[in-house]
Undergrad: 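Have a look at this one before I ask anything.
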Amino acid sequence: LIGAGLLDEALPRVVGSVARELVLVVTNETVARLYPGRIERALAGLPLRVETVVLPDGEQYKTLATLERVFDRLMALEANRKTVLVAFGGGVIGDLTGFAAATFMRGVPFFQVPTTLLAQVDSSVGGKTAVNHRLGKNAIGAFRQPHGVVMELELLATLPERELRAGLFELIKHGIIRDAELFGFLEANQRRFAGRDWGFWEEAVLRSCRVKAAVVEADEREADLRAILNFGHSLGHLVETHTGYARYLHGEAVGVGMLFAAYASCHWGDLPQADFQRIRALLEPLLTPVHMPALDSRRFGTLLMHDKKAAGGSLRFVALRGLGAAFIRERTAPTELWPLFGAFLEDLPGVIGFDESAAAAG
Ligand code: NAD
Ligand code: GLY
């Protein structure tokens, strides 16, 4: 359910159709401070006990240790298999709460009330839930579909501009990979990106969710098609890993990665030049220029091969045949991507820079 001003009507309706006794709202300190008692108020008319657990804010808390706090609270409340969880926060809270719901008492129902644009267009839809392990992001998780997702757009009013843009890249991604009309709609509405015109956001979030839902319905467990949702993630993950996960938001890294993936697709002759220019024109003004440590071909290959999509000596690279038409380019070797990466740096100066100027020459 997507809209501005729908939370108070929609949330009790969907939660009330499932919950019988106890609801546990899982949120973080930031969201709880901005929206104190917001979910509790929305559910106040239902004959339910609504409790809240407030977790610390940050990706570094998306761990088993934090999850334990949710379980501790559930046990203290004498929760049972009928208990319903509500995730109230961004992707971190959504992923963690979803995993709690997948595992507590072997599975309880849960709902998502995503509060970031990224969570609304991406993470709250599709049922991937997880926490991080110290050696791997999202390493411990489960597929668990929420019973419902209530996207209150007005919650985005407090979202910092940088976080909004990070989510916007994932939204644009859905247009690029599967829906040229969505891409055209975004092109035509660029001036609304920075504002809070809820009519625009409602249309954009809805169309983006339709793309993601259709892909997940066709391939929930990522046997094949779902991997196209990782468009831009090969170079994106490289940027995140190489900068220690601290400098750039995931969406920002994916934004740069998408431009590179489009550039490579154009070079391979799969993506028409005109489509590449449209993608470039939409993405480039939104990008946060990346600045990262020096990189040689070996390090480039090693970082790419740590990508989840790597198999054997090569990658399953998500490429484009046209706007709205992504495909998996099997057996793409890092050695094939390295010279393209060099050409990308030259042809699109200002997108990626290095701490040492000789960097990319390896
Ligand atoms: P996040 O949850 O860390 O939220 C970003 C920041 O915004 C946080 O500081 C948060 O407290 C704050 N915030 C949240 N809502 C706010 C609001 N309305 N106003 C002001 N501040 C607000 O990050 P995210 O970008 O939402 O999600 C990233 C996470 O999502 C990652 O852990 C990633 O692995 C995961 N993810 C999962 C999927 C999936 O399919 N399950 C897909 C993409 C990303
Ligand atoms: N965010 C990628 C996926 O849901 O598959």
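When a ligand or atom number is given, it counts from 1 through the structure's own listing order.
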Undergrad: Are any of the heavy atoms in K212 under 4.0 Å away from ligand 2?
TA: yes
Undergrad: If we set the cut-off at 4.0 Å for heavy atoms, which region of L118 has an atom near ligand 1: side chain, backbone, both, or neither?
TA: side chain
Undergrad: For the 3.5 Å polar cut-off, considering only N or O atoms, please tell me whether T115 and ligand 1 meet it.
TA: yes
Undergrad: Could you walk me through whether E163 and T116 pass the side chain to side chain donor-acceptor pair (under 3.5 Å) test, one step at a time?
TA: CA-CA 7 Å; E163 294 286 351; T116 63; over 6 Å; no
Undergrad: Could you tell me whether D8 and R38 have a side-chain N and a carboxylate O separated by less than 4.0 Å?
TA: yes
Undergrad: Give the cluster check for I352 versus L348: same hydrophobic cluster or not, with ILVMFWY residues linked at side-chain heavy-atom distances below 4.5 Å.
TA: yes
Undergrad: Taking D275 for its side chain and G322 for its backbone only, find out whether a donor-acceptor pair lies under 3.5 Å.
TA: no
Undergrad: Is it the case that ligand 1 has an N or O less than 3.5 angstrom from some N or O of L155?
TA: yes
Undergrad: Any atoms of ligand 2 less than 4.0 Å from a non-hydrogen atom of R226? List them with their elements.
TA: 3 (C), 4 (O), 5 (O)
Undergrad: Which atoms of ligand 1 are found less than 4.0 Å from any heavy atom of V92?
TA: 1 (P), 2 (O), 3 (O), 27 (O), 29 (C), 32 (O)
Undergrad: Give me the nearest non-hydrogen protein atom to atom 38 (C) of ligand 1 as residue plus atom name, then the distance to 0.1 Å.
TA: S123 CB, 3.2 Å
Undergrad: Taking R226's backbone N and O only, do any of them form a donor-acceptor pair with D219's side chain (distance below 3.5 Å, no angle check)?
TA: yes
Undergrad: Mind checking whether V125 contacts ligand 1 via backbone (N, CA, C, O), side chain (CB onward), both or neither, at a 4.0 Å heavy-atom cut-off?
TA: neither
Undergrad: Looking only at protein heavy atoms, identify the closest one to atom 31 (C) of ligand 1 and say how far it is in Å.
TA: E59 OE1, 3.2 Å
Undergrad: Hey, what do you get for CD1 (I172) to CG (L283), rounding to the nearest 0.5 Å?
TA: 5.5 Å
Undergrad: Can you list the atoms of ligand 1 that are under 4.0 Å from a heavy atom of N28?
TA: 10 (C), 11 (O)
Undergrad: Numbering the atoms of ligand 1 from 1, which are under 4.0 Å from a heavy atom of V31?
TA: 14 (C), 15 (N)
Undergrad: So, K128 and E222, do they make that salt bridge, N to O below 4.0 Å?
TA: yes
Undergrad: Just by distance, do the side chain of Y248 and the backbone of H291 share a donor-acceptor pair under 3.5 Å?
TA: yes
Undergrad: Are the side chain of Q145 and the backbone of G126 linked by a donor-acceptor contact shorter than 3.5 Å?
TA: yes
Undergrad: In terms of atom number and element, which parts of ligand 1 are under 4.0 angstrom from non-hydrogen atoms of K62?
TA: 31 (C), 32 (O), 33 (C), 34 (O), 35 (C)
Undergrad: Using the six-membered ring wherever Trp is involved, compare the ring planes of F193 and W201 and label them parallel, tilted or perpendicular (cut-offs 30° and 60°).
TA: tilted
Undergrad: What heavy-atom pair brings G5 and E152 nearest, and what distance separates the two atoms?
TA: N-OE2, 2.7 Å
Undergrad: One thing to verify: whether D179 and K212 come together as a salt bridge, which I'm taking to mean a side-chain N less than 4.0 angstrom from a carboxylate O.
TA: no
Undergrad: In ligand 1, which numbered atoms sit nearer than 4.0 Å to a non-hydrogen atom of L34?
TA: 19 (N), 20 (C), 21 (N)
Undergrad: For K128 and ligand 2, does the shortest N/O to N/O distance drop below 3.5 Å?
TA: yes
Undergrad: May I ask you to decide if S265's main-chain N or O and H267's side chain share a donor-acceptor pair within less than 3.5 Å?
TA: no
Undergrad: With atoms numbered from 1 as shown, which atoms in ligand 1 lie under 4.0 angstrom from a non-hydrogen atom of T158?
TA: 17 (C), 18 (N), 19 (N), 20 (C)
Undergrad: Using 0.5 Å steps for rounding, measure from the CZ atom of R41 to the CG atom of L43.
TA: 11.0 Å
Undergrad: Give me the residue, atom name and distance of the protein heavy atom closest to atom 1 (N) of ligand 2.
TA: D122 OD1, 3.5 Å
Undergrad: Of the protein's non-hydrogen atoms, which lies at the shortest distance from atom 22 (C) of ligand 1, and what is that distance?
TA: L159 CD1, 3.7 Å
Undergrad: Regarding atom 33 (C) of ligand 1: of the candidates E170, H250, R162, K137, which has the closest heavy atom?
TA: K137
Undergrad: For atom 35 (C) of ligand 1, what is the nearest protein heavy atom, given as residue, atom name and distance?
TA: D95 OD2, 3.4 Å
Undergrad: Could E203 and R207 be called an ion pair, given the rule that one side-chain N must be under 4.0 Å from one carboxylate O?
TA: yes
Undergrad: Give the residue, atom name and distance (to 0.1 Å) of the protein heavy atom nearest atom 7 (O) of ligand 1.
TA: T116 CG2, 4.0 Å
Undergrad: Return the option from G127, G89, G91, P160 holding the heavy atom at the smallest distance from atom 23 (O) of ligand 1.
TA: G91
Undergrad: Residue-level breakdown please: for V216 versus ligand 2, do any non-hydrogen atoms fall below 4.0 Å on the side chain, on the backbone, on both, or on neither?
TA: neither
Undergrad: Got an N/O contact under 3.5 Å between D122 and ligand 1?
TA: no
Undergrad: For the rings on F200 and F185, is their centre-to-centre separation under 6.0 Å?
TA: yes
Undergrad: Looking only at protein heavy atoms, identify the closest one to atom 40 (O) of ligand 1 and say how far it is in Å.
TA: K212 NZ, 3.4 Å
Undergrad: Which atoms of ligand 1 are found less than 4.0 Å from any heavy atom of T30?
TA: 11 (O)
Undergrad: In ligand 1, which numbered atoms sit nearer than 4.0 Å to a non-hydrogen atom of E163?
TA: 5 (C), 6 (C)
Undergrad: How far is atom 8 (C) of ligand 1 from the closest protein heavy atom, and which atom is that?
TA: D57 OD1, 3.4 Å
